[in-house]
Amino acid sequence: MTRTGRSGNHRSKKKRITLALAPVAALGLAVPLMYSAGAATPDEVATDCRTDSDKLENCEFVDVQFKANSLGPNERVTSVTDNCGVSTAATKTFSGTASVTRVIQLEDGFNTDGSTKLASSVFEIGVKFATQEFNIKRDDTTSSFSFSRSDTVKADHIAFFMWSHKRTDVSGFLKATYKEAQDGQKVFFSPSENATSVHVFYPQLLPSGTPDGRLWLRNVECGTPQANGIINSEGSVRAEPGFGEGGENVTDIEVPLSDVTIQ
């Protein structure tokens, strides 16, 4: 009976030791598996392309679809003329500058310039989309035009000119080739192959080479939240609503570029 009890106790200890070691052994197996999964994530690919990482052999933008004549940001391009407290309209002279540049917008919201490995493929795709109908700006230099024009500021209003450039929106994905294989492969995509989350905006140009777009005079009634916000932000960056989207206290009048004296 004593022997039986001892052998029973001995078996019990072995079981306990085995059970105690099992999780450790499993953890030991999990660690190499975890380290072997060294593939670049989409976010890492985008970051490496944006920063021109030394780990990259090349990074390309692959186009999937495009949309011409889309409009860029709404920008205030002249100073604000104040006709507040005056009961009659006034003719004022406005002078301003409108400019455009090619923009590469990655999926994570970051923009990058043409100094990275992306530059050559982005330029080549620009060549592909430059047609007789759509003359686009392929490089990342700035194109601009300055103008001067006299227009009417309404009674008890402030006024200024707004600008939104026309552009061709080419969307696609990034294809990154790494110098050294990661998890058995060298080519990775961001955000994924055939995705359309990366955008390259090519500004459209007039035959003269100046930027094409929408230019309009905006009158805003004094004493309103819209006018106060604009006056308080004078000289600083401020997001403005698009043409016809300013609300009941705002009047927009589009001015054809052919009617503007370009300097």
Side-chain angles (χ1 to χ4, degrees), residues 46 50 61 63 65-81 94-116 118-119 122 125-126 129-130 134-147 149 151 158-172 196-206 208-220 225-247 249-257 260 262:
R50 177 170 55 87
F61 172 64
D63 64 289
Q65 63 186 29
F66 78 100
K67 177 184 178 183
N69 289 326
S70 68
L71 290 171
N74 304 306
E75 304 171 76
R76 192 168 70 220
V77 291
T78 67
S79 59
V80 175
T81 296
F94 297 85
S95 297
T97 299
S99 62
V100 297
T101 188
R102 186 192 66 197
V103 174
I104 306 170
Q105 189 176 79
L106 304 186
E107 188 230 1
D108 57 8
F110 284 100
N111 292 337
T112 185
D113 59 28
S115 65
T116 66
L118 278 169
V122 165
I125 288 171
F129 285 96
F134 303 108
N135 178 26
I136 63 173
K137 184 156 192 59
R138 299 185 294 274
D139 60 34
D140 64 341
T141 57
T142 299
S143 289
S144 63
F145 68 89
S146 297
F147 66 93
R149 179 180 169 86
D151 268 290
I158 60 172
F160 49 91
F161 269 88
M162 293 286 299
W163 162 255
S164 180
H165 69 271
K166 282 186 181 179
R167 59 190 186 180
T168 296
D169 175 4
V170 183
S171 56
T196 57
S197 303
V198 176
H199 296 262
V200 180
F201 298 108
Y202 296 93
Q204 294 175 194
L205 305 176
L206 296 170
S208 62
T210 58
D212 192 7
R214 170 180 277 168
L215 184 71
W216 71 96
L217 176 68
R218 170 163 287 174
N219 271 269
V220 185
Q226 294 98 319
N228 292 337
I230 292 165
I231 292 171
N232 293 335
S233 68
E234 176 71 2
S236 64
V237 176
R238 170 189 158 92
E240 299 284 355
F243 180 81
E245 299 174 349
N249 302 315
V250 178
T251 303
D252 290 334
I253 301 175
E254 185 168 3
V255 177
L257 294 181
V260 175
I262 294 178

Is Phe134 close to Asp212 at the side-chain level, that is, under 4.5 Å between some pair of heavy atoms? no
For Phe145, the ring-ring contact (aromatic ring centres under 6.0 Å, His included) test, sequence neighbours excluded, returns Trp163
Quick one, Ser233 and Arg76 - any side-chain contact, counting heavy atoms below 4.5 Å? yes
Do Arg50 and Thr116 have side chains that get closer than 4.5 Å, going by heavy atoms? no
Taking it one step at a time, do Arg218 and Val250 satisfy side-chain contact (heavy atoms from CB on, under 4.5 Å)? CA-CA 7 Å; Arg218 170 163 287 174; Val250 178; 3.5 Å; yes
Would you say the ring centroid of Phe129 lies under 6.0 angstrom from that of Tyr202? no
Determine whether a donor-acceptor pair (N or O, by modelled atom type, separation under 3.5 Å) exists between the side chain of Asp252 and the backbone of Gly244. yes
I'd like to check Lys166 versus Pro203 (side-chain heavy atoms, cut-off strictly below 4.5 Å). Are they in contact? no
Go through the steps to decide whether Phe147 and Thr78 satisfy the test side-chain contact (heavy atoms from CB on, under 4.5 Å), and finish with yes or no. CA-CA 10 Å; Phe147 66 93; Thr78 67; 3.8 Å; yes
Is there side-chain contact between Arg214 and Leu71, with at least one heavy-atom pair below 4.5 Å? yes
Run the side chain to side chain donor-acceptor pair (under 3.5 Å) check on Ser208 and Thr210 step by step: do they pass? CA-CA 6 Å; Ser208 62; Thr210 58; 3.0 Å; yes
Do Ser99 and His165 come within less than 4.5 Å of each other through their side chains, counting heavy atoms only? no
Could you go step by step and tell me if Leu217 and Arg149 meet the side-chain contact (heavy atoms from CB on, under 4.5 Å) rule? CA-CA 10 Å; Leu217 176 68; Arg149 179 180 169 86; over 6 Å; no
Short question: side chain of Ser164, backbone of Gly72 - any donor-acceptor pair under 3.5 Å? yes
Are side-chain heavy atoms of Phe201 and Gln105 found at a separation under 4.5 Å? yes
If you apply the rule side-chain contact (heavy atoms from CB on, under 4.5 Å), what do you find for Ile125 with Val200, and how did you get there? CA-CA 9 Å; Ile125 288 171; Val200 180; over 6 Å; no
